[in-house]
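One structure is given below, encoded as structure tokens.
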Amino acid sequence: MKPACENDLACYDFGMNEDKPEGRKIGYVRVSDKDQSEDLQIDALKNAGCDLIYGDHGVSGAITKRCGLDHVLASLEAGDTLVVWKLDRLGRSTIHLLQLLSDLRDRGVDFQALTQGIDTTTAVGRMLYGQLAVFAEYERSLISERTKAGMAAAKARGVHVGRPKGG
């Protein structure tokens with residue numbers, strides 16, 4: 001284990017072959033409480049064949065900028081697969097998760113969430129990923145509708161909506 005960040009990022013190397021040109025499996029683990037252990041996640045990622053595992057210890061999934069997550073995303077190359085134990089280990093916000101997964105797809109990086117059967121290297125996994133995308137788009141639409149309705153209601157009550165009036 002090699003600490004690399006102020007938030008106790010751990011990078012576990014399980015004999016990764018540096019000469020391997022592509023197709024690496026790179027894992028990511030996260031626990032939100034400093035008293036928790038990531039052993040269960042690490043064991044599952046090792047069993048899934050991960051060559052390298054990055055992690056954040058004691059960091060909430062609601063925080064989108066995490067040292068370990070930033071390192072794993074920077075290390076991924078086309079042909080690699082990002083592997084997590086559960087989708088919520090990657091993030092808590094549906095929109096953030098969808099942005100991450102979209103970025104991975106654009107970069108030619110596959111994704112696996114072991115306990116949920118999401119594996120974009122398979123037809124079923126791509127279908128599940130597509131369903132997640134549909135629900136995320138639906139959630140974004142609902143948020144937009146609620147925001148517009150709230151602004152309209154405030155405006156109807158005479159509340160100024162938008163930027164402050166210039167003076």
Checklist entry - Listed by chain and number, what are the side chain to side chain contact (heavy atoms under 4.5 Å, CB included) partners of Ala154, not counting sequence neighbours? => result Arg157, Val159, Val161
Checklist entry - Partners of Ser37 by side-chain hydrogen bond (donor to acceptor under 3.5 Å, both in side chains), sequence neighbours excluded? => result Asp39
Checklist entry - Is there a donor-acceptor pair closer than 3.5 Å between any side-chain N or O of Arg30 and the backbone N or O of Leu69? => result no
Checklist entry - Which heavy atom in Arg24 sits nearest to a heavy atom in Leu76, and how many Å separate them? => result NH2-CA, 4.1 Å
Checklist entry - Are the side chain of Gln116 and the backbone N or O of Leu87 linked by a donor-acceptor pair below 3.5 Å? => result yes
Next on the checklist: Test of understanding: with side chain to side chain contact (heavy atoms under 4.5 Å, CB included), list the residues that count as partners of Arg163, not counting sequence neighbours.
Outcome noted: none
Checklist outcome for this item: Test side chain to side chain contact (heavy atoms under 4.5 Å, CB included), reference Phe111, set Val83, Leu104, Asp80, Leu100, output is Leu104
Checklist entry - With sequence neighbours left out, what residues match Asp43 under salt bridge (Lys or Arg N to Asp or Glu O under 4.0 Å)? => result none
Checklist entry - Measuring from Ile118:CD1 to Asp110:CG, what's the distance to the nearest 0.5 Å? => result 13.0 Å
Checklist entry - Quick one: side chain to side chain contact (heavy atoms under 4.5 Å, CB included) partners of Thr115, sequence neighbours excluded? => result Trp85, Lys86
Checklist entry - For Asp119, what residues pass the side-chain hydrogen bond (donor to acceptor under 3.5 Å, both in side chains) criterion, not counting sequence neighbours? => result Gln112, Thr121
Checklist outcome for this item: Heavy atoms of Ala78 and Val109 approach each other most closely as N-CG2, 4.3 Å
Checklist outcome for this item: Residues passing the side chain to side chain contact (heavy atoms under 4.5 Å, CB included) test with Thr147, sequence neighbours excluded, are Ile143, Met151
Checklist outcome for this item: For Val72 and Gly27 the tightest heavy-atom approach is CG2-O, 4.0 Å
Checklist entry - What residues form a side-chain hydrogen bond (donor to acceptor under 3.5 Å, both in side chains) with Thr81, not counting sequence neighbours? => result none
Checklist outcome for this item: The residue among Arg89, His71, Arg66 that forms side-chain hydrogen bond (donor to acceptor under 3.5 Å, both in side chains) with Tyr28 is Arg66
Item to check | Inter-residue atom distance Leu45.CG - Leu114.CG, 0.5 Å rounding | outcome: 6.0 Å
